[in-house]
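Comments concern the structure below.
Numbered from 1 within each chain, the chains take letters A, B, ... in sequence-line order.
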Number of protein chains: 2
Amino acid sequence: MSNLKAVAEHSQVSIATVSRVINNDPKVSKETMLKVQASIAVLEYKPNRVAQRLRSTSKKTKLLGLVIPDIQNPFFVDVVRGVEDYAYQNNFAVMIGNFGQDEKKEKLYLDILQSENIDGLIVAPIHGKDKGVENLVKKNIPVVCIDRGLTDIDVDVVKVDNEQGAFNAIDHLLSLGHKRIAFISGNFKIPTYIERLNGYKKAFVKHGVPYNENLVFARDTDYKSGFEIANKILELDDRPTAIFSGNNLLTLGALEAIHAKSIKIPEEISIIGFDDMPWSISLNPPLSAVRQPGFNMGRKAAEMLYDRILNPNSKKEKVILETELMIRKSTIRIE
Amino acid sequence: MSNLKAVAEHSQVSIATVSRVINNDPKVSKETMLKVQASIAVLEYKPNRVAQRLRSTSKKTKLLGLVIPDIQNPFFVDVVRGVEDYAYQNNFAVMIGNFGQDEKKEKLYLDILQSENIDGLIVAPIHGKDKGVENLVKKNIPVVCIDRGLTDIDVDVVKVDNEQGAFNAIDHLLSLGHKRIAFISGNFKIPTYIERLNGYKKAFVKHGVPYNENLVFARDTDYKSGFEIANKILELDDRPTAIFSGNNLLTLGALEAIHAKSIKIPEEISIIGFDDMPWSISLNPPLSAVRQPGFNMGRKAAEMLYDRILNPNSKKEKVILETELMIRKSTIRIE
DNA sequence: CTGAAAGCGCTTACAG
DNA sequence: CTGAAAGCGCTTACAG
């Protein structure tokens, strides 16, 4: 790889001048600029981003960190795509860490990204009291949280109206006559699931149906958890007539459990999921779901991070996006 | 962030010594080492990876590039997880670029990653004659190709036996009595799809059924393409009795098209996909598919890349993994 | 076993 | 408008 020095020699100027050309310093004379640009083209020179990052104090924002809980979840894939879309348009690079619900792994990625001198971080904290993320915020590293915020500290966050989304789903089910509605939730340490639980409860209040906490099951947020909890639910003496599953993977796991027992959806049990998927229509049966705008969430987070980098001291922002209830064929009226 | 200098002052040694401690240089005396380690702990010192990368000549392999065609495809998500799994265990960071089938975007990511001084690259080239990737190989940057190789140049590659996988799928269909079997393929510039086409043809030869090239449709590798091609197929005068779809996303798109027309699978049309998905059993109906070991492919590629970094001149390796035919409910015998 | 010094490839005051 | 020089945070011969 050619470097500044090679370009400088080729165009007979100092490396300082070449650097200025690269950085579009208006003080460089037109003539010099053209000469240097020609050399850059000839030598196929590309600035070394590592050296730039090490040296630069001005926020040129060349590298973003993105830390997510589970890349197997299509929702987070959408978020990644949204972040990446913005990054691509603005010539950032993105370094991704997927911690798979593992707190130690999250910590490691947070450390690595700091050591990589990222200009800012987009993260879905493993839980509401995530010390690792808190520390970054305290160190004044630009951070935007997605999907969930931090409970003890003020931070930029972009998420969805989880309470309303869950409310809509349960309201739909209760309107259809369901009363025993199981909730397969993720861990309640994650604020998202607390909010979804609140929406769940609120719907029961609205319909005057007593809320039964024995029907709320919270564990991990993965496929396996959905499968196993659904199995437990299906074996309950007084089997619920409907299931509300807390995320994509839980839904898919629950579906597998239901199908494995040859229980008919929606005739024998209704199910509605939080998170829609592009292929929901091709599931058996087409799945009713609460859709979250994952791509937009990612894009918005990247924008906010950019603002935060530019204005480190402006007021923190909370952006709440809307969900949309997609009614398909997995829920049915009962008597 | 504290730096070498701070640690050196704190423990009353030179920065060279601190550096040696960090790098486990055996020449450092036990006593000094302990003293320095204590300071590192007190100051919570973490080496700056950017400076290390800029300076270091020895291959400490701290940063891998990973460039994939489509992160929406669950197969590539598995690959990412595999790579990441190995990277995590070995304390690498991974910088991911998702080029979404866009050649310009792929080029940009390749440039960025080079500018980031990656120690090596794992990539699924956009097509067999990918000049960008070829250039990296020629520059002697360690590269491992996944899913598909390069046609004009010798390079490490780990992929699946595509021909055999496709053969197995079509052989299954032909054995079931199907003769008109449409193939929804990705672009034939991608070697993978050429190989799958070969397997497709071979099965016809084995069964003595004439191969009909009008039933082979190749375009993009995304959901939309699968949807649109399937629509075209379903409107054919002499409609095929079976569809073989070339990847996950094409399958999902085709399923949506079939369901939108309320055509019954498998009674009215059979379908089998290349690539399995964790939730295949929950599709309508449970999908028959050719399973590829995406996670293992990613892990193996990371391992091979590591070897390549250590031994830049050893012989290039081709690793061919096996596929597995998963027969579920989307294919049926016909007469 | 340890330190002083050079240097990786840049950027940026400072001087002219 | 341009150049010489310092320095970002490290590593690594070289010398002792």
Can you measure [X] atom [atom1] to [N] atom [atom2] for me and round it to whole angstrom units?
{"X": "B:K27", "N": "C:dT2", "atom1": "NZ", "atom2": "C1'", "value": "10 Å"}
{"X": "A:L4", "N": "C:dT11", "atom1": "CG", "atom2": "P", "value": "6 Å"}
{"X": "A:M33", "N": "D:dC1", "atom1": "CE", "atom2": "P", "value": "12 Å"}
{"X": "B:K35", "N": "C:dT2", "atom1": "NZ", "atom2": "C1'", "value": "11 Å"}
{"X": "B:Y45", "N": "D:dG9", "atom1": "OH", "atom2": "P", "value": "10 Å"}
{"X": "A:R49", "N": "C:dC8", "atom1": "CZ", "atom2": "P", "value": "21 Å"}
{"X": "B:K46", "N": "D:dC10", "atom1": "NZ", "atom2": "P", "value": "12 Å"}
{"X": "A:K30", "N": "D:dT2", "atom1": "NZ", "atom2": "C1'", "value": "18 Å"}

Which residue lies toward the 5' end of DNA chain C, B:V28 or B:N117, if each is placed at its nearest nucleotide?
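Result: B:V28.
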Under 3.5 Å, which donor-acceptor pairs link side chains of residues 105-113 of chain B to any protein atom two or more places apart or in another chain?
{"residue": "B:E106", "atom": "OE2", "partner": "B:I126", "partner atom": "N", "Å": "3.3"}
{"residue": "B:K107", "atom": "NZ", "partner": "B:D111", "partner atom": "OD2", "Å": "3.3"}
{"residue": "B:Y109", "atom": "OH", "partner": "A:E84", "partner atom": "OE2", "Å": "2.6"}

For residues 34-41 of chain B, tabulate all N or O donor-acceptor pairs below 3.5 Å that involve a side-chain atom, not counting sequence neighbours.
{"residue": "B:S39", "atom": "OG", "partner": "B:H10", "partner atom": "ND1", "Å": "2.7"}
{"residue": "B:S39", "atom": "OG", "partner": "B:K35", "partner atom": "O", "Å": "3.4"}

Does a donor on one side chain sit under 3.5 Å from an acceptor on the other, for B:N48 and B:N3?
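There is no such pair (donor and acceptor under 3.5 Å, judged by atom type) between the side chains of B:N48 and B:N3.
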Side chain to side chain donor-acceptor pair (under 3.5 Å) filter on A:R53, not counting sequence neighbours, yields B:E116
Nucleotide nearest A:N48 (side chain, heavy atoms from C-beta), chosen from D:dT11, C:dC10, C:dC1
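Nearest nucleotide to the side chain: C:dC10.
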Checking contacts here: which listed nucleotide (D:dC1, C:dG9, D:dG9) is nearest the side-chain heavy atoms of A:T32?
D:dC1
I'd like to check the side-chain contact (heavy atoms from CB on, under 4.5 Å) partners of A:V160; sequence neighbours left out, ordered by chain and number.
A:N162, A:F274, A:Q292, A:P293, A:M297, A:L321, A:T323
Listed partners of A:K315 passing side-chain contact (heavy atoms from CB on, under 4.5 Å), at least two apart:
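With neighbours one apart ignored, the set is empty.
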Considering just the side-chain nitrogens and oxygens of B:Q52, establish if one lies under 4.0 Å of OP1 or OP2 belonging to D:dG9.
no
Strictly below 4.0 Å: does B:N23 bring a side-chain N or O up to OP1 or OP2 of D:dT11?
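Yes, B:N23 has a side-chain N/O under 4.0 Å of OP1/OP2 on D:dT11.
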With sequence neighbours excluded, give me every side chain to side chain donor-acceptor pair (under 3.5 Å) pair touching residues 138-147 of chain B.
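Checked against side chain to side chain donor-acceptor pair (under 3.5 Å) - neighbours excluded - the pairs reaching residues 138-147 of chain B are B:Q114-B:K139.
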Using heavy atoms and a sub-4.0 Å distance, could you list which residues of residues 6-20 of chain B are near DNA chain C? By number, please.
B:V13, B:S14, B:A16, B:T17, B:R20
Run the side-chain donor-acceptor check on residues 63-82 of chain A: report pairs under 3.5 Å with partners two or more places apart or on a different chain.
{"residue": "A:D70", "atom": "OD1", "partner": "A:Q72", "partner atom": "N", "Å": "2.9"}
{"residue": "A:N73", "atom": "OD1", "partner": "A:F75", "partner atom": "N", "Å": "2.9"}
{"residue": "A:N73", "atom": "OD1", "partner": "A:N248", "partner atom": "ND2", "Å": "3.0"}
{"residue": "A:D78", "atom": "OD1", "partner": "A:R81", "partner atom": "NH1", "Å": "3.0"}

Less than 4.0 Å between a side-chain N and a carboxylate O, is that true for A:D156 and A:R308?
yes
Symbol by symbol from the 5' end, with Watson-Crick or G-U pairs under 3.5 Å, [ ] crossing and | another strand, DNA chain D is |||.||||||||.|||
